[in-house]
Number of protein chains: 2
Amino acid sequence: MSSTSSPGRGRPARLDRSGTVDTALELLDSLGLDDLTMRRLADSLGVRAGALYRHFATKRDLLTAMAERMLADIPAPRADGDWEERLAGLARAMRTALLAHRDGARVYAGTHSTGAHTLRFSDTVTGVLREAGFADEDAARALMAVVNFTVGHTLEEQAALRPGDEGTADPEPLRQAVESGTFHHLVAALPTLTSTDFTAHFEFGLRLLVHGLRALRESGTQRDPGGV
Amino acid sequence: MSSTSSPGRGRPARLDRSGTVDTALELLDSLGLDDLTMRRLADSLGVRAGALYRHFATKRDLLTAMAERMLADIPAPRADGDWEERLAGLARAMRTALLAHRDGARVYAGTHSTGAHTLRFSDTVTGVLREAGFADEDAARALMAVVNFTVGHTLEEQAALRPGDEGTADPEPLRQAVESGTFHHLVAALPTLTSTDFTAHFEFGLRLLVHGLRALRESGTQRDPGGV
DNA sequence: ACCTGAACACCGTTCAAGT
DNA sequence: ACCTGAACACCGTTCAAGT
């Protein structure tokens with residue numbers, strides 16, 4: 001169970017930043033974000049809540065460190081494939097990293113990490129686009145568009161999958177409201193909207209973004225055709 | 001000020017669902033989501049916290065009603081313009097509705113409303129796409145892609161604008177980390193990434209999605225060319 | 001019928017005091 | 001130097017009792 005440094009015999013020599021984040025992520029997976037408290041985390045570490053504040057100025061600080069750690073799971077992108085496939089691969093890797101932890105997207109969306117993993121990911125995405133010939137400004141905006149879509153999608157995906165409270169896993173109230181009303185376009189869309197094939201939903205949106213970027217690239221700067 | 005039923009003379013006849021949501025949105029604007037508590041809302045209504053539970057089973061229920069009310073501000077779409085302009089207009093209207101309240105995107109993202117305004121908005125977007133010739137499944141997936149991007153973007157926009165805690169309004173730590181490291185692609189993107197012209201960022205992503213949909217429409221079903 | 005009072009079981013955070 | 005104990009100022013939610 002105890003994974004990292006100093007398994008501890010007599011005095012546990014307990015708290016360090018990295019190990020605390022590990023335990024916090026395990027607790028997140030078993031309890032969910034709403035039940036992850038500083039007190040419960042302290043219990044898991046064999047310590048009182050106040051001791052956590054020697055390593056994290058605030059709970060938000062802890063959550064930021066957790067978000068940053070989640071992005072560490074993103075593997076370095078394979079160098080093969082064209083820019084479209086590499087960009088899509090990076091977006092998929094981000095979704096996968098967020099899905100890897102319960103409420104992962106909520107944790108990520110609620111923080112603003114500027115850690116090394118976050119910067120590395122942003123740098124990689126920007127690099128794929130710049131090397132494909134996109135202007136710096138377009139590369140930056142494309143990064144934001146892809147990340148914002150991915151976070152928005154995964155937020156929705158994890159919200160829909162959790163047993164929550166009302167009408168999420170159970171589409172009955174929505175179905176009823178739709179069929180009784182005048183929302184006939186929505187009725188046609190319902191089978192897809194209530195589908196749980198979130199990968200298909202994600203791929204659809206991702207394809208739209210990539211297509212849009214391809215069109216922008218072809219209409220814009222067509223300098224350096226061919227090349228690497 | 002008192003809008004709905006029974007303005008009340010002697011005894012305020014105080015609580016009703018609709019007025020409570022109004023007051024909650026006002027309180028949200030002045031305090032922010034983190035400081036919006038059931039007790040403070042009760043104070044604003046001249047009532048004790050327990051009384052709120054006669055109208056809302058839970059705080060989450062209240063927040064869902066607030067999210068639903070926010071979408072009521074979305075005006076009916078103008079009938080002029082082609083499907084691309086109408087779709088873009090609806091996405092812009094949603095962003096505007098979320099921006100209209102402090103932490104609006106966070107409130108919306110944290111809930112799962114199936115109220116009339118949410119359904120009407122979804123029905124309208126789906127209708128624009130179906131009438132443009134998209135298959136039901138594509139219309140549904142396009143709705144989700146546009147909404148998820150819009151929510152993700154606005155979440156980011158409101159997070160960046162709030163005076164928060166660390167390195168959000170102040171890009172110094174990020175700038176330093178970037179310049180000291182080997183993230184040279186990110187350095188090129190920095191001026192755009194730290195720009196506060198969020199409308200430009202939003203429009204860029206929205207254009208990508210619309211371009212992608214146009215390509216899909218032209219490659220896919222080209223039945224019923226011309227005509228309304 | 002609708003609200004109050006009071007409680008239950010918690011929170012995040014701080015800080016003197018111990019070791 | 002690092003952690004405990006104990007407190008401060010709160011939370012969301014429930015429910016008997018009042019009116």
Side-chain angles (χ1 to χ4, degrees), chain A residues 2 4-21 23-24 27-28 30-67 103 106-107 110-111 162 164-166, chain B residues 2 4-21 23-24 27-28 30-67 103 106-107 110-111 162 164-166:
Chain A
S2 62
T4 39
S5 58
S6 61
R9 214 71 51 88
R11 200 188 291 137
R14 30 244 203 173
L15 247 37
D16 67 273
R17 216 166 192 278
S18 164
T20 301
V21 171
T23 305
L27 224 53
L28 176 69
S30 59
L31 299 177
L33 182 56
D34 292 337
D35 292 328
L36 177 68
T37 68
M38 297 299 266
R39 283 172 150 92
R40 271 203 256 246
L41 175 57
D43 271 7
S44 283
L45 292 161
V47 113
R48 313 303 280 252
L52 293 170
Y53 290 85
R54 213 153 283 278
H55 299 274
F56 303 94
T58 181
K59 188 183 182 180
R60 194 186 200 60
D61 189 24
L62 200 223
L63 290 168
T64 300
M66 291 166 68
D103 294 326
R106 244 164 100 211
V107 171
T111 64
R162 105 178 73 133
D165 304 51
E166 63 238 51
Chain B
S2 61
T4 40
S5 58
S6 63
R9 213 70 52 88
R11 201 188 292 137
R14 28 241 204 175
L15 246 37
D16 69 272
R17 215 166 194 277
S18 164
T20 302
V21 171
T23 304
L27 223 54
L28 177 69
S30 60
L31 299 177
L33 182 56
D34 292 338
D35 292 330
L36 177 68
T37 68
M38 296 301 265
R39 281 172 150 94
R40 270 203 257 247
L41 175 57
D43 272 6
S44 283
L45 292 162
V47 113
R48 314 300 283 253
L52 294 170
Y53 290 85
R54 213 153 283 278
H55 298 275
F56 303 94
T58 182
K59 188 182 183 182
R60 194 185 200 60
D61 188 24
L62 200 224
L63 290 168
T64 301
M66 291 167 68
D103 294 326
R106 243 164 100 212
V107 170
T111 62
R162 105 178 73 130
D165 306 49
E166 62 239 52

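First the proteins, then the strands, lettered A, B, ... as listed; each starts at 1.
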task = Over all heavy atoms of both residues, which pair between A:Val107 and A:Leu63 is shortest? Give the atoms and the distance, please.
result = CG1-O, 3.7 Å

message = Between D:dC3 and C:dA16, how many Å separate the two C1' atoms, rounded to a whole number?
response = 12 Å

ask   = Should C:dA16 form a Watson-Crick or G-U wobble pair with both distances under 3.5 Å, which nucleotide is its partner?
value = D:dT4

query = Where do A:Tyr53 and A:Thr58 come nearest, in terms of heavy atoms and distance?
reply = CE2-CA, 4.3 Å

For the student: nearest non-hydrogen atoms of B:Ala67 and B:Thr111, plus distance = CB-OG1, 3.3 Å

task = Take atom CZ of A:Arg48 and atom P of C:dA17, then tell me their distance rounded to the nearest Å.
result = 19 Å

ask   = Is any side-chain heavy atom of A:Phe56 less than 4.5 Å from a side-chain heavy atom of A:Val21?
value = yes

Residue of the set A:Asp35, A:Leu41, A:Leu45, A:Thr37 for which side-chain contact (heavy atoms from CB on, under 4.5 Å) holds with A:Leu27 = A:Leu41

task = Going 5' to 3' through nucleotides 11-16 of chain D, assign each nucleotide B (protein heavy atom under 4.0 Å from a base atom), S (under 4.0 Å only from sugar-phosphate atoms) or - (no protein heavy atom that close).
result = BBBB--

key: Nearest-Å distance for atom pair NE2/C1', residues B:His55 and C:dC2   = 8 Å

ask   = Does some side-chain heavy atom of B:Leu36 sit less than 4.5 Å from a side-chain heavy atom of B:Met66?
value = yes

task = Quick one: look up who C:dC11 pairs with, Watson-Crick or G-U, both distances under 3.5 Å, and put none if it's unpaired.
result = none

